[in-house]
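Below is one structure; the comments refer to it alone.
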Amino acid sequence: MRERLRDEAAREGPFTTITAISRVATTVTVTATAHGLRVGDIAIVAGVQHASVDFNGDWAVATVADANTFTYTHTGNGAATGSGGTVAAL
């Protein structure tokens with residue numbers, strides 16, 4: 001069921017371009033103009049590039065700082081910065 005929902009969301013969007021994404025410890029901070037997400041939403045992060053950290057996937061939104069910035073908890077640890085990608089609500 002979850003895969004079907006993700007596939008439908010991927011086709012329908014709307015996707016917002018990620019302008020910045022970084023991880024400190026287990027917290028990932030994402031900047032995406034007018035992302036429209038709320039705490040508890042599932043964010044579909046796709047297309048982010050990094051050599052050793054997979055920022056992509058379905059993540060529960062942990063905090064929303066403002067209309068352009070939110071965080072989620074990552075399973076990895078340590079500092080990392082990715083580039084590119086998009087985000088949409090599941």
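Numbers here simply count residues along the sequence, with the first being 1. Heavy atoms only: backbone and side chains are in, while hydrogens, waters and symmetry mates are out.
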- Query: Is there a side chain to side chain contact (heavy atoms under 4.5 Å, CB included) between H35 and V64 once you walk through the steps?
  - Reply: CA-CA 10 Å; H35 57 69; V64 175; 3.8 Å; yes
- Note on the structure: dist R23:CZ -> T81:OG1 (nearest 0.5 Å) comes out at 10.0 Å
- Look up atom CD1 in I18 and atom OG1 in T86, then write down how far apart they are to the nearest 0.5 Å. 6.0 Å
- Task: Report yes if the side chains of T71 and V61 come closer than 4.5 Å at any heavy-atom pair, otherwise no.
- Result: no
- Side chain of N68, backbone of A34: donor and acceptor closer than 3.5 Å? yes
- Task: Return the orientation label for the F55 and H50 ring planes: parallel under 30°, perpendicular over 60°, tilted otherwise.
- Result: perpendicular
- Query: Can a donor-acceptor pair be found between the side chains of T73 and T26 at a distance below 3.5 Å?
  - Reply: no
- Sidechain-backbone polar pair: D54 side chain, N56 backbone, donor-acceptor under 3.5 Å: yes
- Hey, what do you get for CD1 (I44) to CG (D58), rounding to the nearest 0.5 Å? 5.5 Å
- Message: I want to check something: taking the side chain as every heavy atom from C-beta on, are Y72 and V30 in contact at a cut-off of under 4.5 Å?
- Response: yes
- Task: Using the side chain to side chain contact (heavy atoms under 4.5 Å, CB included) rule, take F70 and R38 through it: C-alpha gap first, then chi angles, then the decisive distance, then the call.
- Result: CA-CA 8 Å; F70 69 94; R38 299 177 308 224; over 6 Å; no
- Message: What I'd like to find out is whether the side chain of L37 reaches to under 4.5 Å of the side chain of V87, using heavy atoms alone.
- Response: yes
- Can you find a heavy atom in the side chain of H74 that is under 4.5 Å from one in the side chain of V53? yes
- Message: Could you measure the distance from the OG1 atom of T69 to the CD1 atom of I21? Nearest 0.5 Å is fine.
- Response: 11.5 Å
- Note on the structure: On a heavy-atom basis, the closest approach of P14 and A88 is O-CB, 3.3 Å
- Task: Report yes if some heavy atom in the side chain of V45 is under 4.5 Å from a heavy atom in the side chain of W59; otherwise report no.
- Result: yes
